[in-house]
**Q** 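One structure follows; several queries about it will come next.
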2 protein chains.
Amino acid sequence: MTTTHRSPALTAANVEAAVEALRERGLRVSAARRLVLEALYGAEGPLSAERIAEGLEGRLPRSDLASVYRNLETLEEVGLVRHVHLGHGPGLYALAAPEHEYLACESCHAVRSVAREELDGIRAQVREQFGYEARFTHFPLVGLCPNCLAESEGHAHP
Amino acid sequence: MTTTHRSPALTAANVEAAVEALRERGLRVSAARRLVLEALYGAEGPLSAERIAEGLEGRLPRSDLASVYRNLETLEEVGLVRHVHLGHGPGLYALAAPEHEYLACESCHAVRSVAREELDGIRAQVREQFGYEARFTHFPLVGLCPNCLAESEGHAHP
DNA sequence: CGGTAACTGCGAATGAGTCGCAAAAACTAA
DNA sequence: TTAGTTTTTGCGACTCATTCGCAGTTACCG
């Protein structure tokens, strides 16, 4: 719900550039493919395949969820799209371009997205302590958000 | 696969204590329930419901997966059991008692479990920077483990 | 020993995602 | 433009992990 996500404006130019990248790889630019891409360019935050499919209804003679999944997969292979798994619920898809990583709240399920660099400090510490290179792109950093933390911490009012 | 997990030995005393906790809450101690508990006490690392169910076969006239899930749910409500979601694959269940948190490798899927305190430093930094109280009990800290990191970093030998 | 919740087993249902396949596009070259 | 080739699509069926409904048991209390 709460998502600080800035995606590039949905401009013909942006979509056209992406489409060009597809053509260069020998992939075809079907109406469905293009619309999936547009949905992601126009989105405020990451979208589920289901939601994207809903958006296609009407804008396309017939559309189906399986194709949306296949397109998302393809777009991901090409590097245009990325997906996250935010706790329960379906996987969510977003443009790969703005290098976002995610913080999710275990309690209220709010998701905050932050620029990659904002997690550099934490990544450094994880690397130092465990030798792991932490990644919060496919799976978020999970915890209690400030709100839920305050609620659980202070006043345990009846 | 790779799991550094120390669970209390499977002793009658341990299981009996857990069983007592159940009785105190007005829950019944069925054969199936007890065996689920024993499986977790005897396990080296977290187990899937499926695996636990397999373990019941033979030790019980008839057993079924749905009941294992229900028992795990109950045991979790009581606070005896906890579950983790390690990337894809089914959820895994373990005793709640030894306060473990998990590091998972996105590439080779190895899972390392560490004592809760080992992540205190990272938790502190996350809290300081974002006000989040990080938790790696239900969802692990995900990244590249030292091995996979080394492979991807240095020599890109053919 | 009942009685009466709390469990169990079963089968069917759910949600997310994948797969196979024939029909329908998109490119490509002529 | 059109014919040919190859990708994509739409559909339905399927998987996997998990949940649900419900009738039949079973564990505990008296």
Side-chain angles (χ1 to χ4, degrees), chain A residues 16 18-37 39 46-78 80-81 83-93 138-139, chain B residues 16 18-37 39 46-78 80-81 83-93 138-139:
Chain A
E16 248 24 69
V19 151
E20 203 35 49
L22 291 179
R23 286 228 174 74
E24 270 162 34
R25 305 242 186 171
L27 292 167
R28 296 183 182 176
V29 183
S30 66
R33 195 107 96 193
R34 181 177 229 119
L35 285 171
V36 167
L37 222 28
L47 299 175
S48 69
E50 187 99 38
R51 249 163 119 3
I52 294 173
E54 283 166 19
L56 301 197
E57 273 164 35
R59 238 160 300 206
L60 212 54
R62 6 198 78 264
S63 80
D64 101 296
L65 191 50
S67 294
V68 170
Y69 274 111
R70 278 182 296 221
N71 275 323
L72 288 169
E73 192 188 10
T74 304
L75 294 171
E76 198 154 12
E77 278 162 16
V78 172
L80 290 169
V81 164
H83 73 272
V84 222
H85 292 283
L86 303 177
H88 289 289
L92 302 180
Y93 297 80
H138 289 5
F139 298 97
Chain B
E16 249 21 70
V19 151
E20 202 37 48
L22 291 179
R23 287 228 174 75
E24 270 161 34
R25 305 244 186 171
L27 293 167
R28 296 184 181 175
V29 183
S30 67
R33 194 107 97 196
R34 180 175 229 121
L35 285 171
V36 167
L37 222 29
L47 299 175
S48 69
E50 187 97 37
R51 245 161 122 6
I52 295 173
E54 282 166 21
L56 300 198
E57 273 164 36
R59 239 160 299 207
L60 211 54
R62 8 197 78 263
S63 80
D64 103 294
L65 191 50
S67 294
V68 170
Y69 273 109
R70 280 182 293 222
N71 274 323
L72 289 169
E73 192 188 12
T74 304
L75 294 171
E76 198 154 12
E77 280 162 15
V78 171
L80 290 169
V81 164
H83 73 273
V84 222
H85 291 283
L86 304 176
H88 289 287
L92 302 179
Y93 296 80
H138 289 5
F139 298 98

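Below, chains carry the letters A, B, ... as their sequence lines are ordered, and counting in each starts from 1.
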**Q** For the residue pair N71(A) and I52(A), establish whether any side-chain heavy-atom pair is separated by less than 4.5 Å.
**A** no
**Q** S67(B) near the nucleic acid: base, sugar-phosphate alone, or nothing, with a heavy-atom cut-off under 4.0 Å?
**A** base
**Q** To the nearest angstrom, how far is L56(B) atom CG from dC10(C) atom P?
**A**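 It is 13 Å, rounded to the nearest whole Å.
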**Q** Keeping the roles fixed (side chain from R59(A), backbone from L35(A)), state whether a donor-acceptor pair exists under 3.5 Å.
**A** no
**Q** Under 4.0 angstrom, heavy atoms only, what part of the nucleic acid is A49(B) near: base, sugar-phosphate, or nothing?
**A**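 If one applies the 4.0 Å heavy-atom cut-off, A49(B) turns out to touch nothing in the nucleic acid.
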**Q** What's the CZ-P distance between R25(A) and dT7(D), to the nearest Å?
**A** 16 Å
**Q** For L65(A) and dT15(D), give me the distance from atom CG to atom P, rounded to whole Å.
**A**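 One finds 19 Å between P of dT15(D) and CG of L65(A), rounded.
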**Q** With sugar-phosphate meaning primed atoms plus P, OP1 and OP2, does G91(A) contact a base, only sugar-phosphate, or nothing at under 4.0 Å between heavy atoms?
**A**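 Here G91(A) touches the backbone only, sparing every base.
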**Q** Just compare dT18(D), dT8(C), dT19(D) and give me whichever is closest to any side-chain atom of A66(B).
**A**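 For the A66(B) side chain, the nearest candidate turns out to be dT19(D).
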**Q** Rounded to the nearest Å, what distance is computed from the CG atom of residue L72(A) to the P atom of nucleotide dA16(C)?
**A**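 Rounding to the nearest Å, CG of L72(A) and P of dA16(C) are 15 Å apart.
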**Q** Under 3.5 Å, side chain of R23(A) to main-chain N/O of V29(A), donor-acceptor pair present?
**A**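 No.
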**Q** Counting the atoms with a prime plus P, OP1 and OP2 as sugar-phosphate, which does S63(B) contact under 4.0 Å by heavy atoms, base, sugar-phosphate, or nothing?
**A** sugar-phosphate
**Q** Counting the atoms with a prime plus P, OP1 and OP2 as sugar-phosphate, which does S48(A) contact under 4.0 Å by heavy atoms, base, sugar-phosphate, or nothing?
**A** nothing
**Q** To the nearest Å, how far apart are D64(A) CG and dG20(C) P?
**A** 16 Å
**Q** So A31(B), base contact, sugar-phosphate only, or nothing? Heavy-atom distance under 4.0 Å.
**A**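 No contact.
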**Q** Scan R23(A) against the nucleic acid and name what it touches under 4.0 Å (heavy atoms): base, sugar-phosphate only, or nothing.
**A**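 The residue R23(A) makes sugar-phosphate contact but no base contact.
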**Q** What I want to check is whether an N or O donor and acceptor connect the side chain of R70(A) with the base of dG10(D) at under 3.5 Å.
**A** yes
**Q** What is the ring orientation for H83(B) with Y93(B), classed by angle as parallel under 30°, tilted 30 to 60°, or perpendicular over 60°?
**A** tilted
**Q** For L35(A) and dT8(D), what is the distance between atoms CG and P respectively, to the nearest whole Å?
**A**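 One finds 16 Å between P of dT8(D) and CG of L35(A), rounded.
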**Q** Separation of L47(B) atom CG from dT18(D) atom P, in whole Å?
**A**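 Nearest whole value for this atom pair: 13 Å.
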**Q** With a cut-off of less than 4.0 Å, is there a side-chain N or O of Y69(B) near OP1 or OP2 of dT18(D)?
**A**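 True: Y69(B) side-chain N/O within range (under 4.0 Å) of dT18(D) OP1/OP2.
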**Q** What nucleotide, of dT9(D), dC10(C), dC11(D), holds the atom closest to the side chain of A32(A)?
**A**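 The answer is dT9(D), which lies nearest to the side chain.
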**Q** Return no unless some side-chain N or O of S30(A) is found under 4.0 Å from OP1 or OP2 of dT9(D).
**A** yes
**Q** Identify whether any heavy atom of L27(B) sits under 4.0 Å from a base atom; if not, whether one sits that close to sugar-phosphate; answer base, sugar-phosphate or nothing.
**A** sugar-phosphate
**Q** Could you pick out which residue, G26(A) or E73(B), lies toward the 5' side of DNA chain D when each is mapped onto its nearest nucleotide?
**A**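 The residue closer to the strand's 5' end, by nearest nucleotide, is G26(A).
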**Q** What pair of heavy atoms forms the shortest contact from L72(A) to A49(A), and how long is it?
**A**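 For L72(A) and A49(A), the tightest heavy-atom pair comes out as CD1-CB, 3.9 Å.
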**Q** Are the side chains of E73(A) and E76(A) in contact, using a 4.5 Å heavy-atom criterion?
**A** no
**Q** Nearest whole angstrom, please: distance from the C1' of dA5(C) to the CG of L22(B).
**A** 16 Å
**Q** Could you pick out which residue, R28(B) or H85(B), lies toward the 5' side of DNA chain D when each is mapped onto its nearest nucleotide?
**A**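 Counting from the 5' end, the first nearest nucleotide belongs to H85(B).
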